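All values below were derived from every heavy atom in this structure, side-chain atoms included, with hydrogens, water molecules and symmetry-related copies excluded. Atoms within each ligand, like the ligands themselves, are counted from 1 in listed order. Note that the coordinates shown come from a computational prediction; the quantities given were computed from them, not determined experimentally.
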Amino acid sequence: MDLTLPHADVAWAGRARAFAENILFPREEELELSGQLPRATKDQLRAAVVAHGFNAINHARDVGGQGCTQLQQTLVNEQLGKATGALWAVAWHPAVPLKHGTPAQIAHYLIPSCLGHRRAAVAITEPDAGSDTGQIRTRADRRGDRYVITGEKWFVTSGDEADYLIVHARVDGAPDKPTLFLVDKSTPGVRVRREPKFMHTYVFGHLELLFEGVEVGDDKILGGVGQGLELTKDWFVEARLQIAANCLGAAIRAFELANDWAGRRVQFGRPIREFQGIEFMLADMATEIMAAKSLIYRVAWEIDHGIDRKVVHARASALKLYASEMAGRVLDRAVQIFGGRGYMRENPVERLYRDVRVDRIWEGTSEIQRVIIGGQLRKRGTGLFTDWPT
Ligand SMILES: Cc1cc2nc3c(=O)[nH]c(=O)nc-3n(C[C@H](O)[C@H](O)[C@H](O)COP(=O)(O)OP(=O)(O)OC[C@H]3O[C@@H](n4cnc5c(N)ncnc54)[C@H](O)[C@@H]3O)c2cc1C
C-alpha cells in the first residue's frame, strides 16, 4: 500500500500554502476589523487567484478550469482553509451542475465563471425549507414559452458578489419537478431584501433574496425539468469534501499556533505544555487531525479511482461530519491553550473558532449527515464504512 503523494500533488499543496500565507493571511485583520474588504482589494485578490492558477480547480481545462484531481483539490482547499474570514472563498469553484449545461449555457455561464468574469451564488434554502428541501415553495410557473419565478431564498452566500444565481424552484409548484434555473441578478423582479450579519466574518455576504415574478426562458433551465435534486447530489459531495478540507486546514493552523504558544508561555515557572492538562489537549488535537486527514485524503483518492457514486455520497457525509466536529473541538482547545489571548480577535485562533462553527450547519447539518449515514447503514450494512478498498 503506497500512501505517498505524487510530486504533482505535493506541488499543488506547496503553491496553495504559499498563496494562503502570502496573499490571504495579510488581508485577514483588515477584513476582520472593518467587516469587509474594499472593492479594489477584492479585485486584486481575484486577479491573484487567476495569476496563481487557483480559479476553478474543480473544473476541466477545456472550460477554463485547472483540471485538478479530487485529491489535488483537497490539498489546495486544506491550505486555503487556513485563512480566516473565509478568505478561501476568493478562489471560486463554479458549481458542479454547470457541467450539465447546454453548449450555450457552458459558453455563457460555465466558461466565464471558471475564468473569473462571472460569478454564481446558489439559492436553495428558504424560510421554511432548510434541512427539508421537500418544503421548497419557490415556484416557476409556465406561461407560454416563459417561466415566472416567485419565491424567497435565504443565506445566499456570495449573493453580493455574484452576477447570476442558481435557483432551486418547483415547476408549476409540483413537488416532482424540482428544477434549477440560471437567473441573472439583473433580471427584473430579483430583489435583495436583507444582508444580515452572522457569527463569522465572511469575505462576501449571505443575502436574503426575493423573486417577484422573475421571467426566464427555457434556455435558463439547467439539466432539465425535475432534475434539480439529482443535480444537487453530486454538488453536495464536492461541497462536503471542500468543507472537510477547509476544516482540516483551519484545525492544523490552530494546532500549530497553540503548540508553539504552549512551548513559549511560562506560568508557575515553566512552559505551560509541561502541565499535563495542556499536553493532553495537544495530544488529542494531534490525534484527531491525523484521523481527519487520513479520512479526507482516502475518500478524495477513492473518487479519483472511480468509486461508486452512492458509496461516495455516504462517505462524504461521514467525512464532513467528522471533519467539521473535529475542527470545532480542536479550535475550542486552541482558544483554551491561549487563555485570554485566545479570545482576542487579533488572534487567528479566535477567528477560526468562529469560522468553523458554520461547518456543522451548512451543506447539511451534522444531524442530517447522521441521518444519511444511518440510512446507508440500514440499506447497505456496516461494510460501507468499515471496509477498505481492494
Ligand atoms: C452562513 C450560512 C451560509 C449559507 N449559505 C447557503 C447558500 O449559499 N445557499 C443555500 O441555499 N443555503 C445556504 N445556507 C443554508 C444552510 O444550508 C441551512 O442553514 C442548513 O441546511 C440548515 O437549515 P436550517 O438553517 O433551516 O435549519 P433547520 O433545517 O431548521 O434545522 C434546525 C435544527 O434541526 C435539526 N434537524 C432538522 N431536521 C432534522 C432531522 N431530520 N433529524 C435530526 N435533526 C434535524 C438540524 O440539524 C438543526 O440542528 C447557509 C447557511 C448559513 C448559516
Checklist entry - Do the ring planes of H52 and F54 sit parallel (below 30°), tilted (30 to 60°) or perpendicular (above 60°)? => result parallel
Checklist entry - For G151, does its backbone N or O pair with a side-chain atom of R137 as donor and acceptor, under 3.5 Å? => result no
Next on the checklist: Please classify the V358 to ligand 1 contact at 4.0 Å (heavy-atom distances, strictly less than): side chain, backbone, both or neither.
Outcome noted: side chain
Next on the checklist: Can a donor-acceptor pair be found, under 3.5 Å and without considering hydrogens, that links the side chain of D184 to the backbone of S186?
Outcome noted: no
Checklist entry - Against heavy atoms of V122, which atoms of ligand 1 measure under 4.0 Å? => result 7 (C), 8 (O), 9 (N), 10 (C), 11 (O)
Item to check | Atoms of ligand 1, numbered as shown, that sit under 4.0 Å from any heavy atom of I361 | outcome: 19 (O), 20 (C)
Checklist outcome for this item: Of all protein heavy atoms, the one nearest atom 26 (O) of ligand 1 is G130 CA, 3.1 Å
Item to check | Fellow cluster residues of V266, listed by chain then number, with links counted only when side-chain atoms sit under 4.5 Å apart | outcome: none
Checklist entry - ligand 1 and F155, any nitrogen or oxygen pair closer than 3.5 angstrom? => result yes
Checklist entry - Does the protein put a heavy atom under 4.0 Å from atom 33 (C) of ligand 1? => result no
Checklist entry - With only distance considered, is I124 within less than 3.5 Å of ligand 1 through an N or O on each side? => result yes
Item to check | Sub-4.0 Å protein heavy atom next to atom 4 (C) of ligand 1 | outcome: yes
Checklist outcome for this item: Looking only at protein heavy atoms, what sits closest to atom 49 (O) of ligand 1 is E367 OE1, 3.4 Å
Item to check | Interatomic distance, C247 atom SG to K320 atom NZ [nearest 0.5 angstrom] | outcome: 7.5 Å
Next on the checklist: My question is simple, although I want it checked carefully: is atom 37 (C) of ligand 1 less than 4.0 angstrom from any protein heavy atom?
Outcome noted: yes
Checklist entry - Going by atom types alone, do N55 and R46 pair a side-chain donor with an acceptor below 3.5 Å? => result no
Item to check | Backbone N/O of P196 and side chain of E208: donor-acceptor pair under 3.5 Å | outcome: no
Checklist entry - For atom 2 (C) of ligand 1, what's the nearest protein heavy atom and its distance? => result W362 CE3, 3.7 Å
Next on the checklist: Looking at D308 and K310, is there a salt bridge between them, counting it only when a charged N and a carboxylate O are closer than 4.0 Å?
Outcome noted: no
Checklist entry - Would you call the rings of F275 and F268 parallel, tilted or perpendicular if under 30° counts as parallel and over 60° as perpendicular? => result perpendicular
Checklist entry - So which of T125, I368, T232 gets nearest to atom 40 (C) of ligand 1, if we judge by its closest heavy atom? => result I368
Next on the checklist: Quick one about T84 and E32 (side-chain donor to acceptor, distance below 3.5 Å, no hydrogens or angles considered), yes or no?
Outcome noted: no
Checklist entry - Can you tell me which residue and heavy atom of the protein come closest to atom 31 (O) of ligand 1, and the distance to 0.1 Å? => result S131 OG, 3.8 Å
Item to check | Atoms in ligand 1 with a heavy atom of T365 nearer than 4.0 Å | outcome: 22 (C), 46 (C), 47 (O)
Next on the checklist: Return the closest protein heavy atom for atom 42 (N) of ligand 1 as residue, atom name and distance.
Outcome noted: V371 CG2, 3.9 Å
Next on the checklist: Applying side chain to side chain donor-acceptor pair (under 3.5 Å), can you list everything that pairs with D160, at least two apart in sequence or on another chain?
Outcome noted: none
Next on the checklist: Within the protein, is there a heavy atom lying under 4.0 Å from atom 12 (N) of ligand 1?
Outcome noted: yes
Checklist entry - With a cut-off of 4.0 Å, which atoms of ligand 1 are near a heavy atom of T157? => result 3 (C), 4 (C), 5 (N), 6 (C), 7 (C), 8 (O)
